[in-house]
Amino acid sequence: MRLIIDEAIHADHATLAALVAAGLAGVDDHDIEVAITPSDTDVVRWLLACRPAHGCGQHTNVTGPGWRGHAASTRAGAQRLAGDPDQHHPPHTQTMRATYAWSGRSYPRRPAPGGGRPRWLLSLRMPADPRPAATGDAYPRVSRYTRYATAPPVVISGWAEELVHLVAHEARHVDQRRHRRPRSEIDAERWAHDVLGAYRTEHGLPILAVEAVQT
């Protein structure tokens with residue numbers, strides 16, 4: 001595995017390397033390159049706030065002081081997440097911290113002459129300073145792939161777990177393509193949950209039930 005960390009990332013690079021290695025557990029990484037770059041900190045998004053704040057049965061992906069709601073890059077996307085517009089305040093644009101501050105993609109890469117370059121690239125984006133004091137993130141939190149109704153939720157207890165889970169998810173996509181299996185987000189999420197569970201067990205970290213964490 002080859003790891004490239006943008007100099008704008010302020011977290012300890014040795015710590016990041018260990019977390020990336022943990023996320024790659026169970027996947028052959030000899031021809032994988034991982035590139036970590038900083039994500040945008042603010043973005044304008046469409047927001048529908050729940051009305052009342054605790055009376056919405058849909059999954060919420062954004063919160064504020066005394067409220068929660070559904071945010072997306074488009075008005076239609078926010079309404080789709082909300083499900084029932086009658087139970088929400090009218091949608092409006094609002095500048096907020098990027099919902100997908102942690103994101104990743106996996107790509108096949110053509111080897112350089114002589115086979116010296118890794119064949120696969122995991123392109124990861126994370127906050128330049130991932131500490132909750134800098135990002136405003138509140139942990140523990142429930143994470144779920146909102147585009148898929150059957151995606152299983154998982155509790156994320158800190159930024160280190162965010163990175164392990166993200167790396168594992170994208171590494172699973174590499175494994176899917178290597179073995180000519182269908183690209184499945186659900187499979188990648190379940191794999192990432194298992195890898196995160198193994199990471200917690202190895203380091204003696206607690207595993208919180210989704211039901212125990214308010215979403």
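- For the pair R181/D175, a side-chain contact is recorded, criterion being any heavy-atom separation below 4.5 Å from C-beta on.
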Validation: residues 14-26 side-chain donor-acceptor distances under 3.5 Å, sequence neighbours left out:
| from | atom 1 | to | atom 2 | distance (Å) |
| --- | --- | --- | --- | --- |
| T15 | OG1 | D12 | OD2 | 2.9 |

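- Between Y199 and H203, the ring planes are tilted. Angles from 30° to 60° get that label.
- Rounded to the nearest 0.5 angstrom, M126 CE and T37 OG1 are separated by 10.0 Å.
- For E161, the side-chain hydrogen bond (donor to acceptor under 3.5 Å, both in side chains) criterion is met by R200, not counting sequence neighbours.
- V27 has its side chain out of reach of R172: every pair of non-hydrogen atoms, C-beta onward, lies at least 4.5 Å apart.
- I207 and L196 fall into different hydrophobic clusters, defined by Ile, Leu, Val, Met, Phe, Trp and Tyr side-chain heavy atoms under 4.5 Å apart, directly or through other members.
- Residues D29 and V34 form no side-chain contact, since every pair of their non-hydrogen atoms from C-beta on lies 4.5 Å or further apart.
- For the atom pair R119 CZ and I32 CD1, the distance stands at 11.0 Å (nearest 0.5 Å).
- For R131, the salt bridge (charged side-chain N to carboxylate O under 4.0 Å, His left out) partners are D129, not counting sequence neighbours.
- How far CZ of R2 is from CG of L122: 13.5 Å, rounded to the nearest 0.5 Å.
- Rounding to the nearest 0.5 Å places CZ of R80 at 12.0 Å from CG of L48.
- A 4.5 Å side-chain heavy-atom check between E162 and P130 finds every atom pair outside the cut-off.
- Annotation: side chain of L124 is in contact with side chain of L163 (closest heavy-atom distance under 4.5 Å).
- Although no hydrogens or angles enter the test, the distance criterion places no donor-acceptor pair under 3.5 Å between the side chain of R75 and the main chain of W46.
- A heavy-atom distance below 4.5 Å is found between the side chains of R183 and S106.
- Counting only heavy atoms from C-beta outward, the side chains of H70 and C50 approach each other to under 4.5 Å.
- Minimum heavy-atom separation, V155 to P140: CG1-CB, 3.8 Å.
- In this structure, V154 is a member of the same hydrophobic cluster as Y139, with clusters built from ILVMFWY side-chain heavy atoms closer than 4.5 Å.
- Taking the six-membered ring for Trp and thresholds of 30 and 60 degrees, W159 and W102 have nearly parallel ring planes, at less than 30 degrees apart.
- Closest non-hydrogen pair, V142 versus P153, comes out as CG1-CB, 3.9 Å.
- Heavy atoms of other residues, nucleotides or ligands lying less than 6.0 angstrom from CZ of R105 number 12 at most.
- Scanning all heavy atoms of the two residues, the minimum distance from P38 to A8 falls at CG-CB, 3.9 Å.
- Counting heavy atoms from C-beta outward, L3 and M1 have side chains that approach closer than 4.5 Å.
- Summarising the geometry of A71 relative to L81, their closest heavy-atom pair is O-CD1, 3.5 Å, with the distance given to 0.1 Å.
- Heavy atoms only, all atoms of each residue included: S143 and I156 are closest at CB-CG1, 3.8 Å.
- Looking at H173 and E185, their side chains do bring a donor and an acceptor atom within 3.5 Å of each other.
- Distance check, rounded to the nearest 0.5 Å: CD1 of I9 to CZ of R125 gives 9.0 Å.
- Using a 4.5 Å cut-off between side-chain heavy atoms of Ile, Leu, Val, Met, Phe, Trp and Tyr, with links allowed through other members, W120 and Y107 fall into different hydrophobic clusters.
- Using a distance-only test at 3.5 Å, with no hydrogens or angles considered, no donor-acceptor pair links the side chain of H169 to the main chain of H165.
- Considering all non-hydrogen atoms of both residues, P108 and R177 come closest at CD-NH1, 3.4 Å.
- Rounding to the nearest 0.5 Å gives a distance of 7.5 Å between CD of Q87 and CZ of R51.
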